[in-house]
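Every chain is numbered from 1, with letters handed out A, B, ... down the list of sequences. All values reported here derive from a predicted model rather than from experimental measurement. Reckoned from all heavy atoms, side chains included, excluding hydrogens, waters and symmetry mates.
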Number of protein chains: 2
Amino acid sequence: MQLDRFDLAILGILQQNNMMSQRDIGHAVNLSAAAVNRRIKALNTSGIIQANVAVINPASVNREITLFVEVEMVNERKEYIDEAKRRFTDLIAVQQCYYVTGEADFVLVIVVSSMIEYEQITRQLFFDNSNVKRFRTFVTMDRVKVGLSVSIPEASQAQLVSPPINRGSNG
Amino acid sequence: MQLDRFDLAILGILQQNNMMSQRDIGHAVNLSAAAVNRRIKALNTSGIIQANVAVINPASVNREITLFVEVEMVNERKEYIDEAKRRFTDLIAVQQCYYVTGEADFVLVIVVSSMIEYEQITRQLFFDNSNVKRFRTFVTMDRVKVGLSVSIPEASQAQLVSPPINRGSNG
DNA sequence: TCTTTATTGCAACAATATTTCACAAAGTCG
DNA sequence: CGACTTTGTGAAATATTGTTGCAATAAAGA
């Protein structure tokens, strides 16, 4: 699916607030609400929009501790890596998991309610896994910027001056 | 604001899919749509729900490269740290920024379209900043698990068997 | 027991999303 | 060059969803 500047502008809005009415979005990007509706539907079904979610304040559900963990594996053969991916992914406290190059093999973002809970997780994920060579933990003091937004190409300077072409009216 | 098991169940649904109709949510948690509506509104206004967003597939907008960067600072006095926070946050390519303890001071998640773009960012953020002592980059090969979901206490085992109490009707 | 407060479900209502339709632009084929 | 097809549009009609008022229920305190 090819995205034009209107799609990009719509994506830019939705990734900040997907509860804005389609009419308001249309007004913001110079399109009719119907056009916005069709485009959003296409963006959803094509998988360009992967999910629509509420972002919850972790503190409000007693998940105040965010940790970063770099994990280095012993054996980097595919089956071992896949096994590790599965293990990490399955744990609900693992909010994000990335397989990376460099001095570590995995980077994890873990969200827990207490260091006791984290200690149990380290045992389960790392100490009881003979393929984990080493791990390094960073404890977050400030979640300075958190989100999943990506920069939208040209979305900032897009003018969106003219509705694409016709005016489809007979009056 | 005190959250009961219904609020938690609703949060658990919304952080996976905030486009589900309030009727369906009500059906899932054993409440009326009106009750769900009131609770969601309260969750939004109280800030427990921090945002409602669409998650965009980065590849679809040509942002295929995700990087982790650990940054170590020279001077850790508050004003310098705050200045760094501002710098990092302001850059749109910096998707996430955490101030951490441990062998680094900051952990960044950066999303870009090319390594050339990243090279420019390193210059801007690190080389041209005399307070940056060192930084280490990890290039992501696989975004194994990505999201902002937090585990909701007891949401998994909550039964939600009985609608709270009344049936508020006069027949 | 009686009162107060909070919360519910239902039903009417308002707002929003979705579909339908006639038309315009651009491309394709003869 | 002209007829035809495809794609996409705006406006209007329809369907769905969110929102609010109200009486009733339950819990807590006097």
Peer 1: In whole angstrom, what separates Asn37(A)'s CG from dT20(C)'s P?
Peer 2: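 In whole Å, dT20(C) P and Asn37(A) CG are 12 Å from each other.
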
Peer 1: Within a radius of less than 6.0 Å around CZ of Arg23(A), do more than 12 heavy atoms belonging to other residues, nucleotides or ligands occur?
Peer 2: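 Result for CZ/Arg23(A): open.
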
Peer 1: What is the distance, rounded to the nearest whole Å, between atom CG of Leu3(B) and atom P of dT7(C)?
Peer 2: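 My rounded result for the distance is 12 Å.
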
Peer 1: Under 4.0 Å, counting only non-hydrogen atoms across every strand here, what does Ala34(B) touch: a base, just sugar-phosphate, or nothing?
Peer 2: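 Since a base atom lies under 4.0 Å of Ala34(B), the category is base.
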
Peer 1: Would you please say whether a donor-acceptor pair under 3.5 Å links the side chains of Asn75(B) and Asn131(B)?
Peer 2: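 No, Asn131(B) and Asn75(B) have no side-chain donor paired with an acceptor closer than 3.5 Å.
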
Peer 1: What is the distance, to the nearest angstrom, from the CG atom on Asn30(A) to the C1' atom on dG8(D)?
Peer 2: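 In whole Å, dG8(D) C1' and Asn30(A) CG are 17 Å from each other.
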
Peer 1: Can Arg39(B) and Asp4(B) be counted as an ion pair, charged N to O under 4.0 angstrom?
Peer 2: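 Yes, charged N to carboxylate O under 4.0 Å.
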
Peer 1: Heavy atom of residues 14-23 of chain B under 4.0 Å from DNA chain C: which residues?
Peer 2: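 Residues of residues 14-23 of chain B that come under 4.0 Å of DNA chain C do not exist, since none gets that close.
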
Peer 1: Side chain of Arg38(B), base of dG9(C): donor and acceptor closer than 3.5 Å?
Peer 2: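 By the distance-only test, yes, there is a pair.
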
Peer 1: Can you tell me how far P of dG8(D) sits from CD1 of Ile10(A), to the nearest Å?
Peer 2: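 After rounding, the gap between these two atoms is 13 Å.
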
Peer 1: Using distance alone, with no hydrogens and no angle criterion, decide if Asn17(B) and Asn52(A) have a side-chain donor and acceptor under 3.5 Å apart.
Peer 2: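 Distance-only check fails for Asn17(B) and Asn52(A).
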
Peer 1: Whole-Å distance between dT16(C) P and Asp24(A) CG?
Peer 2: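 The answer, rounded to whole Å, is 7 Å.
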
Peer 1: Take the protein atom NE2 of His27(A) and the nucleotide atom P of dA11(D), then report the distance between them rounded to whole Å.
Peer 2: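 In whole Å, dA11(D) P lies 13 Å from His27(A) NE2.
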
Peer 1: Of Tyr98(B), Phe68(B), Phe88(B), Tyr80(B), which meets ring-ring contact (aromatic ring centres under 6.0 Å, His included) against Phe106(B)?
Peer 2: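 Filter result, single survivor: Phe88(B).
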
Peer 1: More than 12 heavy atoms of other residues, nucleotides or ligands under 6.0 Å from CZ of Phe135(B): yes or no?
Peer 2: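 More than 12 within 6.0 Å, yes.
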
Peer 1: Atom CZ of Arg39(B) to atom P of dA6(C): distance rounded to whole Å?
Peer 2: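 Rounding to the nearest Å, CZ of Arg39(B) and P of dA6(C) are 14 Å apart.
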
Peer 1: NZ of Lys41(B) versus C1' of dA14(C): gap in Å, rounded?
Peer 2: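 Going from Lys41(B) (NZ) to dA14(C) (C1'), I get 12 Å.
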
